[in-house]
Amino acid sequence: MYLGDLTPRQFLEKHWQKKLLLIRQAFENFTPPLDPDELAGLACEEEVESRLVIQHPGGTPEWTVRNGPFTAKDFAALPPTHWTLLVQDVDKHIPECADLLDHFNFLPDWRIDDLMISYAAPSGSVGPHIDAYDVFLLQGLGERHWQLDPSPESTAEVPGIDLKLLDNFISKEDYVLSAGDMLYLPPGVAHHGVAQNDCMTLSVGFRAPSYAEMLADFAGWLAAKADPEARYEDPGLTIDEAEGGRISNRARESIRTELRSHLQIDDAEMDRWFGCFITEPKPWLVTPPAEQFLEPRELVEALRNGRALHRSSYSRIHFISRPDGALLFCDGEAFDLSNDAAPVAPVLARQRRLTAVGFGDALDNRAFASLLTDFYNRGKYYFDDE
């Protein structure tokens, strides 16, 4: 059991966002889904987010960070020790890697961000730091020595480098993880991992958007809904209000009233905004359209003839249940599903591969068949045999 002796319910009650957990042999006989050379090859691709973190012990600066894509020459020029390659969103570029995330489906799908995989040469590290989100650290190859401080007294960072490293890290717990061992860290735990030999670590990270990020996006949502032609007006302007540089009481009240009117948004509309916000893909993870567009009847016929649709690993789908159906979100857009199509919403959100059986009666719904075809034509789904 990958949570050790704990059930998912016990883990959530005792550890989730509360305290760290070390699980020895969470995945017995574990083999990483790709090897170091394949990871390096992935880091050479343009659409893949990757970094190289190199430590220069005693040097100035002590740390340097380089962003990909990289080349074979870049890797050949690396020193024998003290460097780490990190590749984000491996689950989206290598669909087989997404299977690992299924082990964490006792947590809300919308909270799961990505599977990051790192390869470190001996003594490789990214330095002591704190993550603002939950993370599961699964050892894939070799051994990594983790030093931890669950409640750091200081969060001051080292100035002048492109890494958020703690300036005064003090280790209070330490563990050496071997292949198959896993460490869960809630937000705020200071940690420092150092490779004991050639090693790979798989990190399951979670989405924890800041309220500042959400407010900024929500403000943009509100602005987009406002009439772009509507402007401030003061047809009743009096000569007294034109005094010097003073902003009059009436002008201020008029502006406050108008702006507040745009903030009066109901819960349903705010839900629509949040679903779009949380499924918005990274700009470089956009699905290319299908090579050949289909009509709804062609797509439905193909499914009923035994073909299976597979969701693009770039696409995020979540939903909200409503009394009159469901609100489906896909890659930053919202779609209304009627009651007879709503049962397929959790199927779309949870399953990456679907046959006609999974869609059930929803394929008889013209609006849903058209929506699914639109998803296909825009590359969000593709047939297994394509």
Side-chain angles (χ1 to χ4, degrees), residues 92 98 101-102 104-114 206-211 213-226 261-283 285-287 289 296 299-300 303 309-382:
K92 300 173 183 64
L101 298 181
D102 291 340
F104 302 89
N105 62 12
F106 61 93
L107 296 163
D109 274 353
W110 71 266
R111 286 281 268 125
I112 296 177
D113 189 11
D114 76 332
F206 290 79
R207 307 192 79 180
S210 70
Y211 286 108
E213 289 177 85
M214 289 192 279
L215 283 169
D217 193 88
F218 186 52
W221 172 279
L222 292 175
K225 290 170 62 66
S261 72
H262 291 286
L263 297 177
Q264 294 173 6
I265 184 169
D266 62 26
D267 290 348
E269 192 64 18
M270 189 169 282
D271 285 346
R272 185 179 290 268
W273 157 75
F274 181 72
C276 292
F277 167 75
I278 206 65
T279 59
E280 183 72 32
K282 296 175 182 177
L285 295 179
V286 177
T287 57
L299 184 98
V300 171
L303 285 167
L309 276 178
H310 199 289
R311 190 173 81 215
S312 167
S313 54
Y314 285 7
S315 288
R316 300 183 69 98
I317 294 182
H318 304 306
F319 72 97
I320 292 175
S321 297
R322 301 190 304 190
D324 60 345
L327 191 55
L328 186 74
F329 303 99
C330 179
D331 296 343
E333 296 180 80
F335 305 91
D336 295 284
L337 298 184
S338 60
N339 265 321
D340 52 348
V344 82
V347 179
L348 290 173
R350 178 65 76 177
Q351 297 183 25
R352 293 189 293 273
R353 183 181 183 276
L354 282 166
T355 62
V357 174
F359 289 107
D361 295 337
L363 291 179
D364 296 324
N365 182 302
R366 288 187 179 181
F368 175 74
S370 294
L371 175 62
L372 187 63
T373 304
D374 180 56
F375 284 174
Y376 172 84
N377 290 338
R378 293 164 67 186
K380 302 180 189 304
Y381 281 89
Y382 58 89

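Any value given below was found using the heavy atoms of this structure, including those in side chains, with hydrogens, waters and symmetry copies removed. Residue numbers run from 1 in the order of the sequence given.
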With rounding to the nearest 0.5 angstrom, report the CD1 to CG distance, Ile265 to Asp271. 9.5 Å

Is the ring pair Phe375/Tyr381 parallel, tilted or perpendicular, if the boundaries are 30 and 60 degrees? parallel

Give, for atom CG of Leu327 and atom CZ of Phe274, the distance between the pair rounded to the nearest 0.5 Å. 12.5 Å

Neighbour count above 12 (heavy atom, 6.0 Å) for Asp361 CG: no

Ala349 and His318 have their tightest heavy-atom pair at CB-CA, 4.2 Å

Heavy atoms, side chains only, cut-off 4.5 Å: are Arg316 and Ile278 in contact? no

What distance do Thr287 atom OG1 and Lys380 atom NZ have between them, rounded to the nearest 0.5 Å? 4.0 Å

Could you check whether any side-chain heavy atom of Leu372 comes within less than 4.5 Å of a side-chain heavy atom of Leu363, counting everything from C-beta outward? yes

The criterion is salt bridge (Lys or Arg N to Asp or Glu O under 4.0 Å); which residues satisfy it with Lys225, sequence neighbours excluded? Glu269

Closest heavy-atom contact between Lys92 and Asp114? NZ-CB, 3.5 Å

What are the two closest non-hydrogen atoms of Leu354 and Leu303, and how far apart are they? O-CD2, 4.2 Å

Which value, rounded to the nearest 0.5 Å, describes the distance between Ile112 atom CD1 and Phe104 atom CZ? 8.0 Å

Contact summary for Pro296 and Thr373, nearest pair of heavy atoms: CA-OG1, 3.1 Å

Contacts of Arg322 that satisfy salt bridge (Lys or Arg N to Asp or Glu O under 4.0 Å) - sequence neighbours left out: Asp324, Asp336

Closest non-hydrogen atom pair, Pro323 against Asn339: O-OD1, 3.6 Å

Heavy-atom distance under 4.5 Å between the side chains of Phe335 and Cys330, does that happen here? yes

Please report the interatomic distance CG(Leu348) to CD1(Ile317), rounded to the nearest 0.5 Å. 5.5 Å

Please check if the number of heavy atoms outside Arg111 that lie under 6.0 Å from its CZ is greater than 12. yes

Output for pair (Asp109 CG, Thr279 OG1), nearest 0.5 Å, gives 12.5 Å

Sequence neighbours excluded and cut-off under 3.5 Å, please list the side-chain donor-acceptor pairs for residues 213-220, or say none.
residue : atom : partner : partner atom : Å
Glu213  : OE2  : Ser210  : N            : 2.9
Glu213  : OE2  : Ser210  : OG           : 3.3
Asp217  : OD2  : Trp273  : NE1          : 2.8

Is the shortest side-chain heavy-atom distance between Leu107 and Phe206 below 4.5 Å? yes

Using the ring of each side chain (for Trp, its six-membered ring), is Phe368 parallel, tilted or perpendicular to Phe359, with breaks at 30° and 60°? tilted

Heavy atoms only: give me the nearest Arg311-Gln351 pair and the separation to one decimal. NH1-O, 3.7 Å

